[in-house]
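Written out below as C-alpha cells is the structure these notes cover.
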2 protein chains.
Amino acid sequence: MTYFSGMSATAPSIAEVAALVGNPARANMLTALLDGRALTAGELAHAAGVSPQTTSGHLAKLAEARLLLLSKQGRHAYYRLASPLIGRMLEGIMAVAADGPPRYRPRSRGDEALRTARTCYDHLAGRLGVALADTLSARGQVEMGEDGGEVTEDGAAFLTDFGLPITDLRNGRRTFCRPCLDWSERRPHLAGALGAALTDRLFTLGWIMRQRDTRAVLISAKGRAGLKAAFGIELGADGA
Amino acid sequence: MTYFSGMSATAPSIAEVAALVGNPARANMLTALLDGRALTAGELAHAAGVSPQTTSGHLAKLAEARLLLLSKQGRHAYYRLASPLIGRMLEGIMAVAADGPPRYRPRSRGDEALRTARTCYDHLAGRLGVALADTLSARGQVEMGEDGGEVTEDGAAFLTDFGLPITDLRNGRRTFCRPCLDWSERRPHLAGALGAALTDRLFTLGWIMRQRDTRAVLISAKGRAGLKAAFGIELGADGA
DNA sequence: CGATCGCTTCGGCGGATCCCGAACCGTCCG
DNA sequence: CGGACGGTTCGGGATCCGCCGAAGCGATCG
C-alpha cells in the first residue's frame, strides 16, 4: 500500500482492499478463514507460513480494515471473517485466479471431522463438545452462565461416578468451569478444569482418540456406545 | 508483487490477482473498463491519473495476467476486460470497499450518449456510425472488406450528390476507406478519408454537433430528418 | 511465585514496487 | 519527406512493504 496515506475515516478504496488481499500471507489467512470458523493467531501463522510477529502485523491490518473481527479469549486471539461479503469477494478473486469455478472446500472431509469433534486446547469443542454441555445443562447437572458455570449437587454425584475428581477440581487454582464459545456451532461448550478433566477422562476411557496433524478427534465404537449410554448423545451424519 | 517470482505457466494465485488490483492506478483503469467498452491506453492513462509510460507498464501487467485483452488498431491500443469474471470480481471487491452494493454505472446517461453517436478521432462511431456503414453496404454503394473498403459507381454518385469530393478523396494519400471496429456495437463503421469527410459533412450541414468534454455527438432535429431522408436511419431509444 | 505460552510491539534489514524523464518505434497526416 | 502523435521501452530514484530477531505483556499452569 504505497499510496494510501491518510485512510482515516473515509471508506476504503477498491485498491486498498485489493492490496490487503494481494499479499500471499494475508491471502492464505483469509482463505483459511473462508469456511466461517474463527482461528487463533497461531493457527493463522501456520496456515500463512510466516512467523507469529509477521502474522500479528497482518492480522492487525486486516482487522483495522474491517475484513476480520477479533475476539480475545484468555491468551488466545480468535480472528474470523467480518461478513459474508468478504467470502464472496474472495470467491470472485479465486474465480479469476483459477479461471474457473472456486475450488476451496466449504465442507472438506477434514473440515467435517473438525466440526464433529475437536480439541479446543485441552477441552472438547465441535458438535460433541456442545452436545456434552447441552446434556449436562438440560439434566440440571451443570448450570452455565455468561462468565462461569457451576456443578449442581446432582451433577457432582454423576460426574464423580463417571470418574472425575470434582472436589479436587473445584479446589484447584484453575477456573473450575467456564463456557467457551464454539465457533463452528456458535454455542458454548465446557472449558476450564471441568472441561479439561472430562476430556481427559474420555481419552482415558478410549472413547475418543487424537489424530496426527489436526485438532480433530475420532470417536471410537466404544465411545459411541458409551456416550449414548452415559449422556444420551448420538452424533449422526446430520450433526448433534 | 514482491513474492511472485516465477509465475510461468502455473495458474496465478489469489494474491497475485489481488495485488494487480491493489494499485490505485490499475484499479482506476479496471473500473473505467467495467462497462465493457474498450479504451485506448491514453484514455486509461487519463482515467488513472498517471503518465503514459506508467500506464503502459500497468497495462502490460494486466494483459499478461489475462485480466485485459489488447487489440491494436493503427497507432492505437485498445484494452478491454478479458471476461465477465473480471467484472464480477471487481464488483465483489467494491462491495467490501464500500460496505454496500456496487455503485458504478453500467449504463449511465453519458454512456448512453456515447453509445448512440460519438467521434472516433475524425469519423463517427456508435450506433450512428454503424448504421451509416450498414446502410451504404446494404444499398451496394460501399463494399466493406476485412482491411479496406471501396465505393461503387452508384455510391460515388450518391455521395458526390451528398456533398463529398469522392474523386479528390480517392486520390489523396490517406487511406480512402477502411472499416474500424466499433467497441460498443462490435461491428465495423466507416473510417479513413471517406469516414472523415462524411462526418465533416454532417457537421457542416448541422445534422450533428459536438459537445464539451466528451466524444459524444448530438443529433439535431434537422439531422434526424435528414438522416431518415437520405439514409433511412432512425435512431430510436432502442438503438439502431 | 516462577515458568511457560500465546500474542503483540519495536527496530532494522533487504527487496520490490511505483513513478517519471528521456529516448525509440510505428502510424498517420500534410 | 518531415512533423506530429500514440504507445512502448529503458533507466534511475524515492518510497514502502514484508520479514524476522529481540523484547514486552497478560494469561495460564505447576
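In the text below, chain A, chain B and the rest are named by the order of the sequence lines, each starting its count at 1. Everything numeric in this text was worked out from a predicted model, so none of it was measured. Just so it is clear, the values below take in all heavy atoms, side chains as well, and ignore hydrogens, waters and symmetry mates.
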In whole Å, what is the span from the NE2 atom of A:H58 to the C1' atom of D:dC20? 11 Å

Rounding to 0.5 Å, atoms CG (B:L39) and NE2 (B:H46) come to a distance of 11.5 Å

Treating B:R26 as the side-chain partner and A:A15 as the backbone partner, does any N or O pair qualify as donor plus acceptor under 3.5 Å? no

Residue mapping more 5' on DNA chain D - nearest nucleotide basis, A:G49 or B:A77: B:A77

With respect to the phosphate group of D:dG6, does any side-chain polar atom (N or O) of B:T40 fall under 4.0 Å of OP1 or OP2? no

Just so I know, are the side chains of B:R80 and B:S71 near enough to count as touching, which here means a heavy-atom distance under 4.5 Å? yes

How many whole angstroms separate atom OH of A:Y78 from atom P of D:dA27? 16 Å

Name the closest nucleotide to the A:A41 side chain, picking from D:dC20, D:dG18, C:dC7. C:dC7

Using a distance-only criterion (donor-acceptor N/O pair, under 3.5 Å, no hydrogens), is the base of D:dC5 paired with the side chain of B:R75? yes

Taking atom CG of B:L128 and atom CD1 of B:I208, what is their separation to the nearest 0.5 Å? 6.5 Å

Give the minimum heavy-atom separation between B:Y79 and B:L33, together with the two atoms involved. O-CD2, 3.3 Å

Atom-to-atom span, CG of B:L62 to C1' of C:dT17 - whole angstrom: 14 Å

Donor-acceptor contact present, side-chain A:T160 to main-chain A:A156, <3.5 Å: yes

B:H46 has an atom NE2; how far is it from atom P of D:dG7, in whole Å? 14 Å

Measure the distance from NZ on A:K61 to C1' on C:dT9 and round it to the nearest whole Å. 14 Å

Taking 4.0 Å as the cut-off, does a side-chain nitrogen or oxygen of B:T55 come that near to OP1 or OP2 on D:dG7? no

Suppose we screen for salt bridge (Lys or Arg N to Asp or Glu O under 4.0 Å). Which residues come up paired with B:R170, at least two apart in sequence or across chains? B:E150

Between P of D:dG30 and CG of A:L169, the distance in whole Å: 12 Å

Measure from CE on A:M29 to C1' on D:dG18 and round the result to the nearest Å. 11 Å

Figure out the CG/C1' separation between A:N23 and D:dC16, and round it to whole Å. 13 Å

Scan nucleotides 9-14 of chain D nucleotide by nucleotide, 5' to 3', and note B when protein non-hydrogen atoms come under 4.0 Å of the base, S if they reach only the sugar-phosphate, - if neither. B-----

side-chain N/O A:Y79 vs C:dT8 OP1/OP2, d < 4.0 Å: yes

